[in-house]
**Q** 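This is the structure I have questions about; it appears just below.
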Amino acid sequence: QLQAVDPGGDLVQPGGLLRSPCASSAWSLDGYAVGWFRQAPGLEREGLACISSSDDSTNYKDSVKGRFSISRDNAKSMVYMQMNKLNPENTAVYYCAAVSGIRVTTNQAICTKPKYYIRWGQGAQVTVSS
């Protein structure tokens, strides 16, 4: 199962930052592209970023470009999402998801579409509040 963020949730001050890991306890992320998503109450799940399985290419939702950064450490089979300048509107449940065989970084529409990902973590709450 994929795990994104501290399963116990995180509380971040407005303007603060969070570096969230994504890993699987049962299988390796090698060969999988990984996407990062969030879902706020009453809203649809939205894609934020993705990273390829092979060449570390990335793609981002326009609203997080320059503020969020996705990376991977293949030696540790981990993917990380660095989120900077968080604000209360970023409060949501955050998920990582994985897929193989699709070049999700090709364009933003594929990268940020949940339907292209087949393995999902349970998600964890990130609350941005003072």
Side-chain angles (χ1 to χ4, degrees):
Q1 181 177 348
L2 287 176
Q3 189 69 60
V5 193
D6 179 349
D10 279 280
L11 175 63
V12 183
Q13 297 267 345
L17 57 86
L18 183 66
R19 185 175 186 245
S20 300
C22 175
S24 172
S25 58
W27 44 276
S28 172
L29 284 176
D30 292 352
Y32 284 86
V34 174
W36 221 275
F37 297 80
R38 69 184 174 200
Q39 189 165 17
L43 298 179
E44 293 185 355
R45 191 168 298 184
E46 63 171 336
L48 303 174
C50 62
I51 187 165
S52 73
S53 61
S54 55
D55 59 5
D56 287 350
S57 61
T58 58
N59 209 321
Y60 294 89
K61 180 182 175 71
D62 287 343
S63 63
V64 304
K65 285 180 181 177
R67 204 160 56 90
F68 289 9
S69 178
I70 190 169
S71 61
R72 66 191 305 154
D73 183 338
N74 289 326
K76 298 181 179 179
S77 195
M78 298 280 288
V79 173
Y80 301 94
M81 180 68 127
Q82 177 74 38
M83 297 180 280
N84 299 327
K85 298 180 181 179
L86 288 165
N87 58 66
E89 289 71 36
N90 299 142
T91 294
V93 177
Y94 283 73
Y95 302 84
C96 62
V99 64
S100 64
I102 299 177
R103 292 185 60 82
V104 293
T105 56
T106 300
N107 63 64
Q108 191 180 112
I110 296 175
C111 171
T112 59
K113 193 74 73 175
K115 72 176 185 179
Y116 291 110
Y117 296 82
I118 60 171
R119 297 195 180 209
W120 286 84
Q122 64 183 22
Q125 179 72 41
V126 174
T127 300
V128 184
S129 175
S130 56

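Keep in mind it's a predicted model, so treat the numbers as computed, not measured.
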**Q** Nearest heavy-atom pair of P14 and S130: which atoms, and what distance?
**A**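 Shortest heavy-atom contact: CD-N, 3.6 Å.
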**Q** In Å, rounded to the nearest 0.5 Å, how long is the span from CG of D10 to CG of L86?
**A**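 With rounding to 0.5 Å, CG (D10) is 10.0 Å from CG (L86).
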**Q** Please name the pair of heavy atoms, one in S28 and one in S77, separated by the smallest distance, quoted to 0.1 Å.
**A**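 The pair with the smallest heavy-atom distance is OG-OG, 3.2 Å.
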**Q** Ion pair present between R103 and D55, side-chain N to carboxylate O less than 4.0 angstrom?
**A**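 Salt bridge: yes.
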**Q** F37 vs Y117 aromatic rings, parallel, tilted or perpendicular, using cut-offs 30° and 60°?
**A**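 Rings of F37 and Y117: perpendicular, over 60°.
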**Q** How many angstroms lie between atom SG of C96 and atom CZ of R119, to the nearest 0.5 angstrom?
**A**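 Answer for the SG-CZ pair, C96 versus R119, is 12.0 Å.
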**Q** According to a hydrophobic-cluster definition based on side-chain heavy atoms being under 4.5 Å apart (Ile, Leu, Val, Met, Phe, Trp, Tyr only), do M81 and M78 belong together?
**A**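 Each belongs to a different hydrophobic cluster.
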**Q** Would you name the heavy atoms of A49 and C111 that are closest together and state the gap between them?
**A**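 So the minimum-distance heavy-atom pair works out to C-SG, 3.6 Å.
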**Q** Starting at CG of L48, measure out to OG of S63 and round the result to the nearest 0.5 Å.
**A**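 Result: 7.0 Å between the selected atoms.
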**Q** Can a donor-acceptor pair be found between the side chains of R67 and N90 at a distance below 3.5 Å?
**A**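 R67 vs N90: donor-acceptor pair found between side chains.
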**Q** Side chains of R38 and Y94: do they bring a donor and an acceptor to under 3.5 Å?
**A**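 Looking only at side-chain atoms, Y94 and R38 do form a donor-acceptor pair, the distance falling under 3.5 Å.
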**Q** Got more than 12 heavy atoms from elsewhere within 6.0 Å of NZ, K65?
**A**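 Yes, NZ of K65 has more than 12 neighbouring heavy atoms, counting only those of other groups under 6.0 Å.
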**Q** Does some side-chain heavy atom of L18 sit less than 4.5 Å from a side-chain heavy atom of Q82?
**A**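 They are not in side-chain contact.
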**Q** Taking the side chain from S52 and the backbone from S57, do they hold a donor-acceptor pair closer than 3.5 Å?
**A**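 Present.
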**Q** What is the distance from atom CD of Q13 to atom CG of L11, rounded to the nearest 0.5 Å?
**A**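 The distance works out to 7.0 Å.
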**Q** For the residue pair S100 and Y32, what are the closest heavy atoms and their distance?
**A**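 What the structure gives for the nearest pair is N-CD2, 3.8 Å.
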**Q** Are W36 and F68, when compared by the centres of their aromatic rings, separated by less than 6.0 Å?
**A**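 No; F68 has its ring centre 6.0 Å or more from that of W36.
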**Q** Please tell me whether V99 and I110 are part of a single hydrophobic cluster in this structure, the criterion being side-chain heavy atoms less than 4.5 Å apart.
**A**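 Linked within one cluster.
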**Q** Is it true that a side-chain atom of Q108 and a backbone atom of T112 form a donor plus acceptor pair closer than 3.5 Å?
**A**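 No: the side chain of Q108 does not pair with the backbone of T112.
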**Q** side-chain contact (heavy atoms from CB on, under 4.5 Å) between K61 and E46: does it pass, once the steps are laid out?
**A** CA-CA 9 Å; K61 180 182 175 71; E46 63 171 336; 3.0 Å; yes
**Q** Just by modelled atom types, is the I51 backbone N or O under 3.5 Å from a matching donor or acceptor in the T105 side chain?
**A**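 Looks like no, no N/O pair under 3.5 Å.
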**Q** How far apart are the closest heavy atoms of S53 and G31, and which atoms are they?
**A**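 Taking S53 first and G31 second, the nearest heavy atoms are CB-C, 3.4 Å.
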**Q** In terms of hydrophobic clusters joined by side-chain contacts under 4.5 Å, are Y95 and Y80 together?
**A**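 No, it is not one cluster - the side chains of Y95 and Y80 are not joined through contacts under 4.5 Å.
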**Q** To the nearest 0.5 Å, tell me how far N107 CG sits from C50 SG.
**A**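 Going from the CG atom of N107 to the SG atom of C50 covers 9.0 Å.
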**Q** Quick check: do K85 and L17 have side-chain heavy atoms less than 4.5 Å from each other?
**A**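 No, too far: nothing below the 4.5 Å cut-off.
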